[in-house]
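Input: a single structure, listed below in structure tokens.
Source: prediction; values computed, not measured. Order of appearance sets the numbers: ligands from 1, and atoms from 1 within every ligand. Throughout, residue positions are numbered sequentially from 1 according to the sequence presented.
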Amino acid sequence: MDGVTLLSDYKPYPFEIASVSLTFRLDPAATRVLATLDVTPRQPGADMVLQGEDLTLISLSLDGRALVPGDYLLDETGLTLPAAGLPAGPFRLQTEVEIAPAANTALEGLYMSNGMYCTQCEAEGFRHITFYPDRPDVMSRFHVRIESDLPVLLSNGNPVGQGPGWAEWDDPWPKPAYLFALVAGDLRATSGSFTTRSGRKVDLNIWVRPGDEDRCDFALGALARSMTWDEEAYGREYDLDLFNIVAVDDFNMGAMENKGLNIFNSKLVLASPETATDTDYERIEAVIAHEYFHNWTGNRITCRDWFQLCLKEGLTVYRDQSFTRDVRLGGLKRIEDVAALRARQFREDAGPLAHPPRPDRYKEINNFYTATVYEKGAEVVGMLASLLGPEGYRAALDLYFDRHDGQACTIEDWIKVFEDTSGRDLSQFKLWYTQAGTPKLTVTEAYENGTYTLEVSQTTPPTPGEEVKPPRHIPLAVGLLSPNGDEVVPTTVLELTEARQSFRFEGLAARPVPSLLRGFSAPVILDRATTPAEQAFLLAHDTDPFNRWEAGRTLARQTLMAMARGEGAQLDYLDAVGRLIADEEADPGFRAACLRLPGEDEIAAALFARGDTPDPDAIRAARRKLMKMLATRHGAALTRVYDSCAVTGPYSPDAGPAGRRALRLAVLALLTTEDGGARAAALFAEATNMTESIGALNLLVAEGKGQGQLAAFAARWSKDPLVMDKWRMAQGALTPPEDAAETVTRLGTAPEFDWKNPNRFRSLLGGFAANHAGFHRVDGAGYALYADWLLRLDPLNPQTAARMSTAFETWRRYDTTRQAHAKTALARIAATPGLSRDLAEMVGRLAG
Ligand SMILES: [Zn+2]
């Protein structure tokens with residue numbers, strides 16, 4: 001196939017590069033990069049292939065002898081040195097190239113953001129900096145010299161020298177090129193230090209542009225908490241004298257774990273109570289932890305090739321989720337993670353972009369930084385942990401670090417450490433890595449003479465390119481409750497390995513109520529005939545916080561599905577919500593999570609899964625109607641909670657006060673459907689933190705109101721683009737559908753909207769993609785507008801354009817009119833000349 005890379009084609013690189021020395025002479029239009037590679041051939045007769053794109057070759061020499069065209073082959077993908085011209089023993093290769101960072105709008109390789117130089121090399125950005133074997137299994141020691149008049153010059157590792165206009169850095173740990181980083185700019189540090197448990201003192205710096213220094217304290221604290229946690233939970237210490245984090249405004253991703261020099265999207269570093277929400281704080285802490293944890297799971301042990309991306313990402317997401325559960329409220333965090341998994345990964349797995357956590361082919365690797373690789377990858381690690389138990393998991397991880405430190409590894413290496421420490425055969429379990437699709441469990445039950453029998457069958461629907469799906473190895477955590485609400489069988493992990501299996505529980509005094517898939521022990525869809533009364537019972541009594549929430553969620557979803565089909569609301573649900581509102585024993589953050597109704601996309605997916613054609617307008621109307629019914633029925637109790645939950649005193653982003661604010665906003669969302677927005681307007685006027693300010697504004701916008709508040713917000717924050725992103729996101733995501741496309745067009749063409757900045761683009765267009773009824777408008781205006789914007793972005797930043805094209809992954813769910821509009825939009829993108837490889841691959845898969 002054209003341009004396809006296959007896992008089965010992997011071959012080791014035939015040369016070892018023990019060290020590489022780089023000199024950067026920085027200039028916006030003409031940066032010179034001098035590279036010296038110390039090379040040892042490993043395989044006689046092999047050509048040396050070095051990737052390089054958009055580089056101007058100035059000179060090239062081998063052991064000091066200048067090479068001339070004819071000694072090498074140069075094309076648009078790189079440089080090849082034929083075997084015939086290479087020495088049999090070690091040699092030194094030197095290159096000099098010129099690049100233009102200021103013209104680099106793709107934000108891959110070395111580029112400029114508001115006058116500062118920075119890099120992004122994962123996955124294949126280093127080839128835009130110099131000629132090099134740009135693949136993760138080539139690990140070398142990097143020495144870097146930076147020459148520039150800018151005051152702060154940073155690279156990986158430890159600083160080894162500096163003077164006026166230059167600095168040198170040395171990284172003692174061999175690493176692949178994707179972990180290389182360079183930053184140069186006028187930056188200010190917020191500094192601290194950390195002493196590892198073996199006594200190494202590490203200097204910590206958060207670097208930001210002048211004026212942002214007062215928004216770094218939280219990130220610095222989060223870094224120290226992450227370092228402590230990794231020592232305690234995994235026995236992993238930091239291994240350099242210095243850890244730098246730099247905030248950058250123009251960044252394609254969230255953050256990047258470059259060795260000793262993490263580069264972050266500024267929105268994931270900067271936080272103050274006035275500018276960041278509780279959710280932002282939690283996310284900043286989680287991403288700081290995630291990138292820090294990569295120092296061991298990703299950097300010290302890296303991936304052999306990019307097919308193994310989930311080796312580092314699935315594991316590191318699992319680690320950051322565990323960290324957040326430990327430092328905040330564990331039960332609530334699990335609920336949030338599962339809700340996000342279903343919203344993004346289940347949707348991906350059910351559509352044309354479905355792929356395994358470890359795919360076996362790709363055209364453009366940038367298109368595989370997906371919810372499946374990250375979030376499902378984390379679920380797979382979580383299943384290993386629950387199959388082996390905490391001690392078994394820790395023993396396997398200890399062996400993983402001992403055995404593979406300094407190596408570039410595969411999923412096979414990873415599974416082997418679990419097999420070797422547990423003595424178990426995990427070959428069936430491995431299917432989780434190599435096959436796509438979300439398994440469906442169908443459960444039936446029987447009760448007779450004190451014996452309760454669960455019969456579980458599993459099937460996985462076909463996904464593109466994979467028809468046959470053998471049974472998976474699935475940990476199913478189960479508990480049983482007696483009819484009076486006591487737990488009679490505590491959480492037990494059943495192991496499913498066959499298409500159909502039964503499990504018996506004996507000695508029960510009465511027919512129990514099962515609590516299945518506790519803690520969401522596997523990323524599967526559970527199908528079991530149940531009654532609203534039983535769901536309400538579990539919502540009231542289950543000891544597993546996830547399943548309590550799940551019972552309420554299921555009730556809400558079923559009610560909304562029925563209402564979207566024109567049926568009435570279930571009284572069981574309305575009553576259960578009443579009890580929840582009044583339950584002052586329950587954690588406020590948990591009550592908030594239970595009070596939030598399933599989103600419109602979730603309802604559409606559920607209707608589609610049962611064979612209906614979802615109608616976005618009917619879904620939206622049903623959801624709004626149910627909110628209004630809840631407000632009418634429980635108005636007095638909701639008002640009491642709203643009035644009594646106000647958080648006073650200095651702002652803290654901790655789980656306690658954040659949970660109370662979340663509960664108050666969840667209650668306010670219901671009340672706003674009844675009071676004409678009066679309370680939300682009052683909260684907006686008096687809010688002293690961003691959580692309440694943007695929370696109130698969101699509710700007003702969703703009601704088609706809030707023009708005055710939008711203007712006031714813009715007047716206050718117009719100089720702060722990150723805060724204005726929330727304002728744009730609110731309008732893109734929440735403006736009523738009849739005005740949404742027009743609003744997005746107006747905001748997108750305003751002079752202050754810098755659409756080339758990924759954060760700006762994602763806030764407005766990403767918000768719009770989440771505006772379910774607005775994006776899927778029956779006249780096709782949403783699809784057409786979105787296609788226009790992707791085509792505008794693609795020539796400048798293909799990576800972001802391709803990633804955002806996933807808004808189109810659900811078009812087959814809807815009616816033929818909408819499908820026709822979506823097909824037209826996709827065909828128009830596909831037919832555009834000069835489309836990037838990134839977007840072309842995505843559109844092909846989406847339309848296919
Ligand atoms: Zn990561």
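- A donor atom on one side chain and an acceptor atom on the other are not found under 3.5 Å apart for Tyr318 and Thr297.
- Between the side chains of Asp230 and Trp296, no donor-acceptor pair of N or O atoms lies under 3.5 Å.
- Counting only distances under 2.8 Å, and ignoring water, the protein N, O or S atoms around the Zn ion (ligand 1) are His290 NE2, His294 NE2, Glu313 OE1, Glu313 OE2.
- With Asn797 as the fixed residue, the side chain to side chain donor-acceptor pair (under 3.5 Å) test singles out one of Asp838, Asp250, Asn757, Asn252: Asn252.
- Shown are Asp239, Asp241, Thr195; of these, the side chain to side chain donor-acceptor pair (under 3.5 Å) with Arg200 is made only by Asp241.
- Both tests pass for Arg225 against the ring of Phe218: distance under 6.0 Å to the centre and angle within 45° of the axis.
- With hydrogens and angles left out, the side-chain atoms of Glu313 and His290 include a donor and acceptor closer than 3.5 Å.
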